[in-house]
Amino acid sequence: MSQVKELLMDQLHDLLHAETQLTGALPKMAAAARHPKLKEALEKHLLETEVHVERLRQVFELLGEPAEATPCRAMMGLLEEGKETIEKGKKREPMTADLSLIASAQRVEHYEISAYGTARGLARQLGETAAARLLTHTLGEEQSADFLLTALSDPMLQEISLNDMGADVDLETVGGRQAENSTSSRKKKIEKV
């Protein structure tokens, strides 16, 4: 086996373990989510993750190798942090708890995006186009999940930012005079410090 194929196999064994672990963690994250859209996004990604595991098995089959997982310590660490996030979230305001969950989920997504990007590149280098196609499909789903998490967090962050400025502002009416007043209020707070 060439060193490039060996490296690809290492990546795939790692990803198989990572994705399998994630199928056990996502239901807990979804249960901890308070915002309905976040809960829905995590539940949807659980279904995708189950497909990712099956797709990885197909990649192993295409490469003529057994689908064996090796411990992915990186994912184990990320999921351990996720458990801590869930526990701390029980004592936090709902929006802050959800933002913490999003941050944990995005760390996982970024790890997976990196791993799938590397695996796809290695498969392409080896001329394994069918395997590369499957990995590309999963990579796209991981990127979409990350994008959705960002889209969910942006309005929450904006609301927190407005609340921190001491403004009672409806997010749908932000603009014009209210936004200017909030900005000048924040500038005054900064100048006092």
Side-chain angles (χ1 to χ4, degrees), residues 1-33 37-87 98-153:
M1 178 182 305
S2 76
Q3 288 187 359
V4 174
K5 185 166 183 184
E6 189 176 315
L7 179 57
L8 173 59
M9 298 316 299
D10 288 347
Q11 296 296 305
L12 295 173
H13 292 301
D14 186 78
L15 273 166
L16 184 58
H17 189 254
E19 293 283 27
T20 303
Q21 288 181 82
L22 194 52
T23 61
L26 280 168
K28 295 171 189 164
M29 293 177 80
K37 289 191 184 220
L38 176 58
K39 186 179 291 289
E40 180 184 328
L42 293 168
E43 289 169 348
K44 177 185 175 218
H45 197 57
L46 171 61
L47 297 175
E48 288 177 337
T49 301
E50 291 168 348
V51 172
H52 297 168
V53 171
E54 288 310 309
R55 204 176 282 144
L56 280 169
R57 293 185 191 285
Q58 291 173 14
V59 170
F60 280 106
E61 190 175 316
L62 286 168
L63 298 173
E65 297 290 336
E68 297 171 349
T70 56
C72 177
R73 288 189 286 280
M75 185 62 79
M76 290 163 70
L78 289 170
L79 295 181
E80 188 59 39
E81 284 184 9
K83 286 181 194 173
E84 291 172 14
T85 297
I86 290 170
E87 283 306 308
D98 281 348
L99 283 167
S100 296
L101 276 176
I102 290 170
S104 275
Q106 285 193 291
R107 284 185 189 95
V108 168
E109 291 309 315
H110 293 182
Y111 176 80
E112 290 180 305
I113 289 166
S114 172
Y116 276 107
T118 299
R120 177 188 64 180
L122 293 168
R124 284 179 176 166
Q125 181 66 30
L126 291 166
E128 297 288 351
T129 55
R133 226 177 288 119
L134 289 172
L135 295 167
T136 297
H137 194 67
T138 300
L139 176 60
E141 290 172 351
E142 301 293 7
Q143 290 168 330
S144 292
D146 181 52
F147 180 82
L148 177 58
L149 290 167
T150 297
L152 289 171
S153 71

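Proximity of Glu19 to Tyr116: side-chain heavy atoms (C-beta onward) are separated by under 4.5 Å at one or more points. Within the 4.5 Å cutoff, no side-chain heavy atoms of His137 are placed close to those of Arg133. Using a 4.5 Å heavy-atom threshold, the side chains of Met9 and Lys5 count as touching.
Scanning for side-chain hydrogen bond (donor to acceptor under 3.5 Å, both in side chains) contacts around Ser144 gives an empty result, with sequence neighbours left out. For Glu87, the side-chain hydrogen bond (donor to acceptor under 3.5 Å, both in side chains) test picks out Lys90, with sequence neighbours left out. Residues passing the side-chain hydrogen bond (donor to acceptor under 3.5 Å, both in side chains) test with Asp98: none are found, sequence neighbours excluded.
Residue pairs satisfying the ring pair (Phe, Tyr, Trp, His ring centres under 6.0 Å) criterion with at least one member in residues 65-85, sequence neighbours excluded, are absent. Residue pairs meeting the ring pair (Phe, Tyr, Trp, His ring centres under 6.0 Å) criterion with at least one member in residues 37-84, sequence neighbours excluded: His13-Phe60, His45-His52.
Between Val53 and Thr23, the shortest heavy-atom distance links the atoms CG2-CG2, 4.4 Å. Of all heavy-atom pairs between Arg124 and Ala132, the closest is CG-CB, 3.8 Å. Shown here for Leu101 and Ala32, the closest heavy-atom pair between the two residues is CD1-C, 3.7 Å. Between Asp146 and Gln106, the shortest heavy-atom contact is OD1-NE2, 2.7 Å. Closest approach of Ala115 and Gln11 over heavy atoms only: O-OE1, 4.3 Å.
With hydrogens and angles disregarded, a donor-acceptor distance shorter than 3.5 Å links the side chain of Ser153 to the backbone of Thr150. The backbone N or O of Glu109 sits nowhere less than 3.5 Å from a side-chain atom of Glu142 that would complete a donor-acceptor pair.
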Report task. Please lay out, stage by stage, how Leu42 and Leu38 fare under the test side-chain contact (heavy atoms from CB on, under 4.5 Å). Result -> CA-CA 6 Å; Leu42 293 168; Leu38 176 58; 4.0 Å; yes
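Summarising the geometry, atom CG belonging to Leu122 is positioned 4.5 Å from atom CG belonging to Leu7; distances are rounded to the nearest 0.5 Å. Taking CG of Leu22 as the reference point, atom CD of Glu48 lies at 11.0 Å (rounded to 0.5 Å). Here Thr20 contributes atom OG1 and Leu15 contributes atom CG; the two are 10.0 Å apart, rounded to the nearest 0.5 Å. Within the model, atoms CG of Leu135 and CG of Leu8 stand 7.5 Å from one another, a figure rounded to the nearest 0.5 Å. Taken to the nearest 0.5 Å, the OG1 atom of Thr49 stands 5.0 Å off from the CG atom of Leu26. In this structure, the separation between OG1 on Thr138 and CZ on Arg55 is 3.5 Å, given to the nearest 0.5 Å.
Counting only N and O atoms by type, the side chains of Gln21 and His17 include a donor and acceptor under 3.5 Å apart.
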Return a table of donor-acceptor pairs under 3.5 angstrom between the side chains of residues 61-85 and protein atoms on other chains or two or more places apart.
| residue | atom | partner | partner atom | Å |
| --- | --- | --- | --- | --- |
| Thr85 | OG1 | Glu81 | O | 3.0 |
| Thr85 | OG1 | Ser104 | OG | 3.1 |

